[in-house]
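Beneath this line is the structure, given in structure tokens, with notes to follow.
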Protein chains: 2
Amino acid sequence: MKLSQGVEWALHCAVTLAEADAGDLASRRTLAGYYDLPEAYLAKHLKSLVRAGVLIASPGPRGGFRLARAPEQITVLDVVEAIEGTTPSFVCTEIRQRGACAVPPERCTAPCPVAQIMLDADRAWRDSLRAVTLADISGRLSEPTRARAKAWLADPSTPPPPVS
Amino acid sequence: MKLSQGVEWALHCAVTLAEADAGDLASRRTLAGYYDLPEAYLAKHLKSLVRAGVLIASPGPRGGFRLARAPEQITVLDVVEAIEGTTPSFVCTEIRQRGACAVPPERCTAPCPVAQIMLDADRAWRDSLRAVTLADISGRLSEPTRARAKAWLADPSTPPPPVS
DNA sequence: GCATAGATACTCGGATAGCAACTGTCCGAGTCCTCGGGG
DNA sequence: CCCCGAGGACTCGGACAGTTGCTATCCGAGTATCTATGC
């Protein structure tokens, strides 16, 4: 039960892209420089986000990534599932149907109680992530942070001065 | 985000042990035979349960495992954390303090919003698992299943006849 | 001055090594039961 | 018949390989821009 490190990167990059003006693109170099992340590896996760329909990529110079939808319509769960996959964390292998006291399949109409509880917990986890959007996170950021992000995305060549 | 397979084994074994009479022990061979699991590998997980204080092991012939507390006082979370560990699924590496737009540490008094949301979801997941005890699961089992479990634990040499 | 063709530089995408963690297994330490011998 | 002691068998516990998936990286395909040339 350990989440991939790429989840943190993907979430922060998605929030950063939510600060960009509509239509503006941010290349993976720009995003990697924003957080000082290895560019090649970050690209792998950005690609997963594109494949999941969270981001849209444009090739060529002046190309880059942008959100596929408005920040209000992208949930944290969308980003997490893009990296980690949509398969539930718990998979029931029906061991109750094996061994000396195996329950015959015709008696297994109801789902295994153990699996039921684990899936309920998994659902609670996903519901909690689904309730928060990128716009919500953006709203929790301080105004200077948002301003600096916007400035960096507009012109990555000149880093904004550190906050005093 | 994938739970270890041992979680399923540990949960089922714990539920099975909850059916045993107080004071009765079940060896790992007995438990492995119950679900037709590899005995040596199951032992690894049972050992984790002992280390976490969920089970108590007794050596020697007629030895084995028993619950450390009453089934009503052992939550599913206790078993899951015994296998998976207690560290949260999401670890914040504070990447907001790195890179071109690094936020200075003195401005990071509030926790990172991204980490906050991920930890909230992790808490929801754990709360969901903490709300269910082994006794609850035991109550959801059918009466024939409970009876067969009890009979097998009392005498593993003669498997109970299959339910008609 | 303008249009066009070519070269260029920058972007994303897939395919390729390296390492950690889960999976699976074995053997040793300790304990209780059993069996044999002696009283 | 009862007590004692040695042996054996069964238990758990820690230490040791194998495999899958995350970590990290590189190079190729494609495109918009820039430049130089011709009109």
Side-chain angles (χ1 to χ4, degrees), chain A residues 1-10 13 17 23-33 35-66 68 80 82-85 87 89-91 93 95 153 156-157, chain B residues 1-10 13 17 23-33 35-66 68 80 82-85 87 89-91 93 95 153 156-157:
Chain A
M1 184 60 186
K2 189 174 86 47
L3 280 158
S4 165
Q5 184 184 12
V7 171
E8 184 183 13
W9 298 5
C13 287
L17 284 173
D24 271 8
L25 303 178
S27 72
R28 67 189 186 191
R29 172 171 298 189
T30 301
L31 289 171
Y35 293 114
D36 192 23
L37 301 176
E39 182 184 338
Y41 187 27
L42 177 63
K44 197 181 187 68
H45 297 306
L46 293 174
K47 184 173 48 175
S48 298
L49 290 171
V50 171
R51 203 176 300 168
V54 175
L55 300 186
I56 292 178
S58 301
R62 309 266 303 175
F65 298 91
R66 63 184 174 87
V80 173
I83 304 297
E84 291 288 324
T87 55
S89 57
F90 183 86
V91 285
T93 60
I95 66 174
L153 292 177
S157 59
Chain B
M1 183 60 184
K2 188 174 88 44
L3 273 117
S4 165
Q5 184 183 12
V7 171
E8 184 181 12
W9 298 4
C13 286
L17 284 174
D24 271 9
L25 302 179
S27 72
R28 66 190 186 190
R29 172 173 297 189
T30 300
L31 289 171
Y35 293 113
D36 191 24
L37 302 176
E39 182 184 338
Y41 188 26
L42 177 63
K44 199 180 188 67
H45 296 307
L46 293 174
K47 184 172 46 172
S48 298
L49 289 171
V50 170
R51 203 176 299 167
V54 175
L55 300 185
I56 292 178
S58 300
R62 309 267 304 173
F65 298 90
R66 64 185 173 86
V80 172
I83 304 298
E84 292 288 323
T87 55
S89 57
F90 183 86
V91 285
T93 61
I95 66 174
L153 292 177
S157 60

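Lettering of chains follows the sequences in order, A, B, ..., and the numbering in each one begins at 1.
- Counting heavy atoms from C-beta on, the side chains of A:Trp9 and A:Ser4 never come closer than 4.5 Å.
- Test A:Leu42, A:Leu49, A:Leu55, A:Thr30 against A:Cys13 for side chain to side chain contact (heavy atoms under 4.5 Å, CB included) and you get one pass: A:Leu42.
- In this entry the distance linking CZ of A:Phe90 with C1' of C:dC22 reads 16 Å, nearest Å.
- Remark on DNA chain D: of its neighbouring residues A:Ala43 and A:Gly6, the 5'-side contact belongs to A:Gly6, judged by nearest-heavy-atom nucleotide.
- In this structure, CZ in A:Arg28 is found 11.5 Å from NZ in A:Lys44, a value given to the nearest 0.5 Å.
- Atom OH of B:Tyr41 is separated from atom C1' of D:dG13 by 17 Å (rounded to the nearest Å).
- Nearest-nucleotide positions on DNA chain C place A:Lys44 closer to the 5' end than the other of A:Met1 and A:Lys44.
- No side-chain heavy atom of A:Asp24 sits less than 4.5 Å from a side-chain heavy atom of A:Arg66.
- Atom CG in A:Leu17 sits roughly 11 Å away from atom P in C:dC12 (whole-Å rounding).
- Donor-acceptor pairing under 3.5 Å is lacking for the side chains of A:Gln5 and B:Thr93.
- Atoms CD1 (B:Ile83) and P (C:dT23) sit 10 Å apart, rounded to a whole Å.
- A straight line from CD of B:Glu84 to P of C:dT23 spans 8 Å, rounded to a whole angstrom.
- The CG atom of A:Leu37 sits 13 Å away from the P atom of D:dT23 (whole-angstrom rounding).
- Checked by atom type and distance alone, the side chain of A:Glu84 never pairs as donor or acceptor with a backbone atom of A:Val7 at under 3.5 Å.
- At a threshold of 4.0 angstrom between heavy atoms, the contacts of B:Ala40 include nucleobase atoms, whether or not backbone atoms are also involved.
- Within the model, atoms OG of B:Ser89 and CE of B:Met1 stand 5.5 Å from one another, a figure rounded to the nearest 0.5 Å.
- Between B:Leu25 and B:Arg62 there is no side-chain heavy-atom pair separated by less than 4.5 Å.
- Using a 4.0 Å cut-off on heavy atoms, none of the residues of residues 45-53 of chain A approach DNA chain D.
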Would you tabulate the nitrogen or oxygen pairs shorter than 3.5 Å linking the protein to nucleotides 4-11 of chain C?
residue	atom	partner	partner atom	Å
C:dT11	O4'	A:Gly60	O	3.0

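- Going from atom CG of A:Leu55 over to atom C1' of C:dG13 covers 15 Å, rounded to whole Å.
- Atoms CG and CG, on B:Leu153 and B:Leu17 in that order, are 6.5 Å from each other to the nearest 0.5 Å.
- Taking atom CG on B:Leu42 and atom P on C:dT25, their separation rounds to 12 Å, with Å as the unit.
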